[in-house]
Amino acid sequence: MTAPDAAEGGRGAPAARIGLAGAAMPALTVAVSLLALGLLWSLAAAAWPSRAFPPPGAVWRTLLGEAASGDLAYHLGATLARVAAAYVIAMSIGTVIGVFLGSHRRADRFFNPWVVLFLNVPALVVIVLAYIWFGLNEAAAIGAVAVNKIPNVVVTMREGARALDPSYGEMASVYRLGAFDRIRHVLLPQLQPYFAAASRSGIALIWKIVLVVELLGRSSGVGFQIYLYFQLFDVAAILAYTLAFVAVMLAIELLLVQPLERHASRWRRRPA
Amino acid sequence: MRAAGAAAPLRVDIAAKTFRSAQGVSLTALRDLSFEVRRGEFACLLGPSGCGKTTTLRILLGLDRDFSGSFQLPEGGSGRIAAVFQEPTLLPWRTVEQNVRLALPKDRRAMDLDRLFGDLGLAGMRSLYPSELSLGLARRVALARAFANEPAVLFLDEPFVSLDEQTAERLRHLLLSVWSARPTTALMVTHNLHEALMLSDRIVVLSARPAHVEGVFDIRLPRQDRSPQVTSDLLRSFRLKFPTHA
């Protein structure tokens, strides 16, 4: 199997080069745009000096101070772990339910009202109920976040299952593919675009809900810190934690999610 | 020649196959359809468009179990079946070679495919994705996938439809040479009489819907002797026997 690998590498290289050249211009635009926002912020902070509206420099100093004390890493880590756990739980349960509903029309008709109901339950209600029923613990916190996200995953993956091409399933059945091969090589690749869409909106939603969960019932995490500094009216610290967390989530998107997606769709016809 | 031993044929005996639409209208596609394909024989199922040829094939492939009657696949050999569908049905996210290997049983996944890819003119295309192939090439990959399985019976559903005549003719020759090198019982659905006369040992002629066997046309002449002159003679005698299928 050396020949295909070599050929794949050969084709990957020019694609990467085009990607770099094409990425330089937008990246420059993004940098200039962010710089302009920072400039606007410091101008506004200078025009209306107030403890409730600190300039970027003050936020940066607070950020460095929190990082040096180790608090930032500890609370960021706690929040990230919760985001990751809730994401994995929501995606796996939501995918299984979604694919099941998408391929069983009668079950879908029966359970659809449930899905609609859960889609419309406010996140706050689920969190409060989870804390009341299961106590102020980690399982309740992560479970509440997952339950908030599962209906969204179900709806997306249900669409994916409805769009499955039956001819691939028939091919798999004629050639007697095993259950693992069917899932890994026939089912999942067809669901991949839907999975990517659900993942993307999932992470964005989950990390926002995780902050609320931490604010209401945990004693660690970015949400807890923000609540703490809210009581102290320390806007610089609130902004420092927010910016640090947004930066981490963007890094995950750029360094993890996008490369994975490029890898998963490498077989699509390349633009000529 | 692997095709030795007890000559258990492919035996088809479908009493009826009925489709029911959502509005409750029922439509009988097949009625009292029975025929046999001897072991190691290449047979064609010939009939007008929409007469139920593909339906028959789907029943034999085990994709449609809602029918009355029975059928028996050839016994012995590998016990596997293989199919070449109307569309190539290659997984777009796997390369040509990965597509072929995935369809093989686990213990044969690592087998040497050089000969087969060479015979089908696919040697340089093993690492291409299906979206990079023409329809004719994709059909060759579908043939490679089927033959790599060394099936006990091979089903082909109009595998050369919607190709230009020149490409289709070249693929027919390829199919013949690959099949002669790896003989197996084969049943091909077609509505192209020329194709049937060129490829098969026997032609099972179906009537219009509800399909049943109108008759069987055996061709005992070896394929290499079927010159254009001989083929037109075959065509004439076929038309005498089945005047409605001209």
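In what follows, chains are A, B, ... by sequence order, proteins preceding strands, each numbered from 1.
Between B/Arg126 and B/Asn99, the side chains place no donor N or O within less than 3.5 Å of an acceptor N or O (distance only, hydrogens not considered).
There is no contact between B/Leu104 and chain A, counting heavy-atom distances below 4.5 Å. If you measure heavy-atom distances from B/Arg58 to chain A, the contacts under 4.5 Å come from the side chain alone. In this structure, chain B has heavy atoms under 4.5 Å from both the backbone and the side chain of A/Ser167. Of the atoms belonging to B/Ala146, heavy atoms from both backbone and side chain fall under 4.5 Å from chain A. For B/Leu102, the parts lying under 4.5 angstrom from a heavy atom of chain A are both the backbone and the side chain.
At distances below 3.5 Å, not a single donor-acceptor pair connects side-chain atoms of B/Thr28 with backbone N or O atoms of B/Leu30.
Considering only residues two or more places apart in sequence or on other chains, A/Leu187 meets the side-chain contact (heavy atoms from CB on, under 4.5 Å) condition with A/Leu164, A/Leu191. Under the rule for a side-chain contact (heavy atoms from CB on, under 4.5 Å), the partners of A/Ala264 that lie at least two apart in sequence or sit in another chain are A/Gln192.
Chain A forms the most heavy-atom pairs under 4.5 Å with one residue out of B/Arg94, B/Glu87, B/Lys106, and that residue is B/Arg94.
Aromatic ring pairs are classed by plane angle as parallel below 30°, tilted from 30° to 60° and perpendicular above 60°; the pair A/Trp114 and A/Phe111 is perpendicular.
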